[in-house]
Structures are given as C-alpha cells and as structure tokens.
Undergrad: 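Please find one structure pasted underneath; my questions will follow.
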Amino acid sequence: MNLNIPNKSFFKIPFTIENYHGMPYRRLGGSGLRVSNIGLGTWKIGYPESGDESRIAESAAFNLFDKAVELGVTFWDTANRYNNASGNAERVIGAWFKKNPTERRNVVVATKLGGAMDGITPNHCGLSRIHIMESVYSSLERLNTDHIDLLYFHAFDAETPMEESLAAIEDLARHDAVRYFAVSNFTVAQLQAYKAIEQSTSLRCRVVAVQNQFDILQGEYGNYKGVLDHAAQENMSFIAWSPMARGLLTGKYLDPSKAGPGDRLFDENLMSKTEDAGVMKKLHQLADLAELWGMALSQLTIAYMLTLPGMGPVIAGASTLEQLTLNAGAGVIHLEEAQLSQVRAVLHG
C-alpha cells in the first residue's frame, strides 16, 4: 500500500518557529501577527525614468527584495502615494511578486491610503468609504496580490465620520482583502477616539499599530508626542517612519563636508540639521560607542530602538545591499543594560 509518506526531513520541522532565516520576529501589537524585527521601507523605490522622483529603479529594487528575503527582512512597508502619488512603489513590489510567486506568503506587506490617489475628484482623497474601497482594490492590482497584510490610514480625516471609515475596513477584512489594520500620523487623542468606537461596536478589525515620525535624537515630533508611551500602554506597536533622521543616524554626516548629491539631507536642502552643535555632539558620541562595541552607528540606532517599550519593527530604508545587510544585522544585536545606560546618557544626559 502506497501511503505517499513525505520525505523524512518533513518531520524535522518544529511545531513553532521563532525566527526566519535567523531574523527574530516580534508580535504586532496585541495581534497574532508576527513581523521581522527589521523591515524594509520602500519610499524611494519606483521608476525614476518616469519622472516620479524615485531613486531606486526596478532592477536594483529586485536585488534588494531578493536579499531582504535571504536575510529574513520580510516586513515591507509602502504606500500608494509614494513617489508623487504614482503608485510605482507598489507596482515594483507587485512585479517582484509576479516573478517570485512562492515568496508572497513569506512577506508581510503593509501599505497606506488616505491621500489623493487614483482619481481627480474630491471623492478620491480622505477616508470615505468610496475612497477606501477604490484605493484598496487599486493597491491590490498594483501589488499583484489578493490581500493586503497590514493596511494603514495614512493620516486622520476629521471630515469623514470615523464610524464610516472603520466600517469600511471591517467589510474589507470580512472579505479577506485586508488582514490587519493600522494608522499613521495619529495623535493620542485620535487613537483614543478610534478605540472608543471599537469598544462601542462589534468591530473586530482593530488598530494594532501606529506609524509616526520618530528618531532617537529628536524623539516624537510636534503634536504627536506621547504616542509611543500610549502605544506601549494600549498594547499597540509603534512603528517609526524616518528612524534614521533622514540619514543623519547612518553616519554619513559625521563629516558634513563630505555630503553631496545622492545624500538625502543634501538633496532635500536640509543640511542645516548638521549645523546644530548639540545634535552633532550626540551624533559623534553615539558613533564612538558604536565603534567601541564593534557595530555601525546605524546598527546601534536600530538595536537601541528595538528595546524601547511599545516599539515595533524598525523599517529603515536601504538603497544598497550593504545598507540592507547592516540593517538586518542590527535585528539580532542584544544590548546589555550597561550599554543601554550609556546610550541613554548620551541622548538624555
């Protein structure tokens, strides 16, 4: 009798898996979804030849994606509006999935909606039901997939009833077009308003993460201060955008005179940030600690961030395989308490 018993190696697969290709994972908020400690930001991936102002073309992006999977960097963050609302960051990811269909199940894709996109009328922006639905289905097409693992509202919409926006997400989740839900650029008060609706209704697809601007030099920005602590208290994951302070924490600006075209602060006319004596003093002190401990400044930055209460995965961008490999290496670094104390002394002393 032929039982079609699989290869013996099949039986060596453990019942639970704690990492992927050596990369540790962490739970996203209070959900059951686990994501890689290190994610990949795709803000500048697109089709530069189209004039979308992206910097990383499809061929280079494919190399990054291949390497990311190899390193276990499987949480990929994008948005429909990246690169002049072209949708091109999503298109490049979708093209890679078409080329590598078996890898789709290994990657957690996060995208965002909310800004003007996929149309030219006033109905093609904000968080109305019509815009949410049209944006999601357009993103699915560009991403070459049948579901979005994590969908963000890109910003709060004060003009649309919150109940309408959240009900649209619930319907999308019911049809498995969206599996988990998050928000971006929200204040504590706005998060509390959403939670009040979640608790007073039967909604099941609830906010599991919030993505706001954060870096260890500046902390949280403007009206968004306090969200990291709130996320920790409410069992949500805080996901930082611009965690490298627009490249400042990568180390390339330790000598500002060497910056030039291709460096983000230079290209965006933000070199004045390197003229802040207090910031540059901290930057050099952190770089000295990183060198002492045998790691890059960017790795120390990421490893420290991963220890902060409420912090989710760190989604630093990468334009080269070397940067991606450095970022991935930070995901397995364990900082001792004595090291953490020295970093805190630099940042807050």
Side-chain angles (χ1 to χ4, degrees), residues 17-28 33-48 54-79 82-83 88-112 139 142-145 147-152 179-180 182 209 211 237 239-244 247 249-250 264 295-296 298-299 301-303 305-306 311-333:
I17 299 174
E18 298 304 320
N19 61 66
Y20 182 66
H21 291 183
M23 174 63 67
Y25 275 45
R26 56 182 53 203
R27 290 196 181 275
L28 197 67
L33 179 64
R34 295 198 286 182
V35 295
S36 53
N37 271 359
I38 306 301
L40 177 62
T42 65
W43 178 58
K44 280 301 178 182
I45 287 175
Y47 295 99
S54 62
R55 298 176 184 172
I56 304 172
E58 183 182 274
S59 59
F62 278 18
N63 290 334
L64 287 171
F65 295 157
D66 291 342
K67 189 66 173 180
V69 172
E70 177 187 326
L71 296 170
V73 177
T74 57
F75 180 58
W76 296 359
D77 183 88
T78 192
Y82 285 174
N83 303 310
N88 283 344
E90 291 182 330
R91 286 191 181 92
V92 175
I93 294 173
W96 188 85
F97 283 147
K98 186 174 182 179
K99 184 180 179 182
N100 301 273
T102 60
E103 295 290 356
R104 174 63 186 94
R105 66 193 298 264
N106 298 325
V107 176
V108 176
V109 177
T111 193
K112 309 175 191 73
S139 286
R142 287 189 291 267
L143 288 165
N144 192 39
T145 188
H147 70 277
I148 293 167
D149 298 299
L150 180 67
L151 179 72
Y152 290 94
R179 293 187 172 174
Y180 293 90
Q211 184 176 148
S237 284
I239 302 174
W241 64 263
S242 195
M244 294 292 105
L249 284 159
T250 63
R264 186 172 176 184
M295 62 186 77
S298 61
Q299 291 182 311
T301 298
I302 293 171
M305 285 181 62
L306 288 170
M311 188 61 68
V314 176
I315 51 168
S319 58
T320 67
L321 298 180
E322 291 75 18
Q323 288 176 339
L324 178 58
T325 302
L326 276 176
N327 293 345
V332 299
I333 292 175

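Throughout, numbering of the chain's residues begins at 1 and tracks the sequence.
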Undergrad: Check each of Asp66, Leu143, Ile45, Leu64 against Trp96 using the side-chain contact (heavy atoms from CB on, under 4.5 Å) test, and report the only one that passes.
TA: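 Among the candidates, only Asp66 passes.
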Undergrad: Verify, without hydrogens or angle tests, whether Arg104 (side chain) and Asn144 (backbone) share a donor-acceptor contact under 3.5 angstrom.
TA: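 No, Arg104 side chain to Asn144 backbone: no donor-acceptor pair under 3.5 Å.
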Undergrad: What closest approach, in Å, do Met311 and Met305 show between heavy atoms, and which atom pair accounts for it?
TA: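 Closest pair (atom of Met311, atom of Met305, distance): CG-O, 3.2 Å.
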Undergrad: Could you grab the distance from atom CZ of Phe75 to atom CZ of Arg34, nearest 0.5 Å is fine?
TA: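 One finds 15.0 Å between CZ of Phe75 and CZ of Arg34.
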Undergrad: Mark yes or no for whether Asn88, through its side chain, and Gly46, through its backbone, hold a donor-acceptor pair below 3.5 Å.
TA: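 A pair under 3.5 Å: no.
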Undergrad: Looking at Lys44, Lys112, Glu90, which hits side chain to side chain donor-acceptor pair (under 3.5 Å) with Tyr82?
TA: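 The single option meeting the side chain to side chain donor-acceptor pair (under 3.5 Å) with Tyr82 is Lys112.
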Undergrad: Please enumerate all residues that pass side-chain hydrogen bond (donor to acceptor under 3.5 Å, both in side chains) together with Asn83, with sequence neighbours excluded.
TA: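 In terms of side-chain hydrogen bond (donor to acceptor under 3.5 Å, both in side chains), with neighbours along the sequence ignored, Asn83 is linked to no residue.
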Undergrad: I would like to know whether Ile302 and Met244 meet side-chain contact (heavy atoms from CB on, under 4.5 Å); could you show each step before the answer?
TA: CA-CA 8 Å; Ile302 293 171; Met244 294 292 105; 3.7 Å; yes
Undergrad: Once rounded to the nearest 0.5 Å, what's the spacing between atom CZ of Arg91 and atom CD1 of Ile93?
TA: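 Going from the CZ atom of Arg91 to the CD1 atom of Ile93 covers 12.0 Å.
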Undergrad: Short question: side chain of Thr250, backbone of Ser298 - any donor-acceptor pair under 3.5 Å?
TA: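 Checked: no pair found.
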Undergrad: Judged by atom type as modelled, is there a donor-acceptor pair below 3.5 Å linking the side chain of Gln299 to the main-chain atoms of Leu326?
TA: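 Yes, because the side chain of Gln299 sits within donor-acceptor range (under 3.5 Å) of the backbone of Leu326.
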Undergrad: Shortest non-hydrogen contact from Tyr20 to Val69?
TA: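 Heavy atoms of Tyr20 and Val69 come nearest at CE2-O, 4.0 Å.
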Undergrad: Evaluate the side-chain contact (heavy atoms from CB on, under 4.5 Å) criterion for residues Ile315 and Gln211: first the C-alpha distance (whole Å), next the side-chain angles of each, then the deciding distance (0.1 Å), finally the verdict.
TA: CA-CA 10 Å; Ile315 51 168; Gln211 184 176 148; 3.7 Å; yes
Undergrad: For the CG atom of Asn106 and the NE2 atom of His21, what is their distance to the nearest 0.5 Å?
TA: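 Going from the CG atom of Asn106 to the NE2 atom of His21 covers 7.5 Å.
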Undergrad: Is there a donor-acceptor pair closer than 3.5 Å between any side-chain N or O of Ser54 and the backbone N or O of Ile56?
TA: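 Not a single qualifying donor-acceptor pair exists.
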Undergrad: Take Phe97 and Val107 through the test side-chain contact (heavy atoms from CB on, under 4.5 Å) and record every step on the way to the result.
TA: CA-CA 10 Å; Phe97 283 147; Val107 176; 4.1 Å; yes
Undergrad: Side chains of Val92 and Phe62: does their closest heavy-atom pair fall under 4.5 Å?
TA: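 Val92 vs Phe62: side chains touch.
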Undergrad: Looking at Thr42 and Asp77, would you say the former's side chain and the latter's main chain have a donor-acceptor pair under 3.5 Å?
TA: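 Between the backbone of Asp77 and the side chain of Thr42 there is a qualifying donor-acceptor contact (under 3.5 Å).
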Undergrad: To the nearest 0.5 Å, how far apart are CG in Leu33 and CG in Asp149?
TA: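 So the CG of Leu33 and the CG of Asp149 are separated by 7.0 Å.
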Undergrad: Compare every heavy atom of Ser36 with every heavy atom of Met23, then report the nearest pair and how far apart it is.
TA: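 That closest heavy-atom pairing would be CG-CB, 3.7 Å.
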Undergrad: Carefully, step by step, assess Tyr25 and Ile17 under the rule side-chain contact (heavy atoms from CB on, under 4.5 Å).
TA: CA-CA 10 Å; Tyr25 275 45; Ile17 299 174; over 6 Å; no
Undergrad: Please give me the minimum heavy-atom distance between Asn327 and Ala316, naming the atom from each residue.
TA: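 That closest heavy-atom pairing would be ND2-CB, 3.7 Å.
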Undergrad: Working to the nearest 0.5 Å, report the span between CD1 of Ile38 and OG1 of Thr74.
TA: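 Rounded to the nearest 0.5 Å, the CD1-OG1 separation comes out at 11.0 Å.
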Undergrad: Taking the side chain as every heavy atom from C-beta outward, state whether Thr111 and Arg142 have any pair of such atoms under 4.5 Å apart.
TA: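 No, side chains not in contact.
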Undergrad: Check the angle between the aromatic planes of Phe65 and Trp76 and answer parallel, tilted or perpendicular using the 30° and 60° thresholds.
TA: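 Phe65 vs Trp76 ring planes: parallel.
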Undergrad: How long is the straight-line distance from CG of Leu150 back to CD1 of Ile148, given to the nearest 0.5 Å?
TA: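 Nearest 0.5 Å value for the CD1-CG distance: 9.5 Å.
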Undergrad: Considering non-hydrogen atoms only, spot the tightest contact between Thr301 and Pro243 and give its length.
TA: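 Closest approach of Thr301 to Pro243, heavy atoms only: CG2-O, 4.1 Å.
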Undergrad: Using modelled atom types and a 3.5 Å cut-off, is there a donor and acceptor pairing between side-chain atoms of Ser237 and backbone atoms of Ala209?
TA: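 No; zero donor-acceptor contacts below 3.5 Å.
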Undergrad: If I compare all heavy atoms of Glu58 with all of Ala95, which pair ends up nearest, and what's the gap?
TA: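 Glu58 and Ala95 have their closest heavy atoms at OE1-CB, 3.7 Å.
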Undergrad: So, Asn19 side chain and Pro24 main chain: donor-acceptor pair closer than 3.5 Å or not?
TA: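 It does not hold such a pair.
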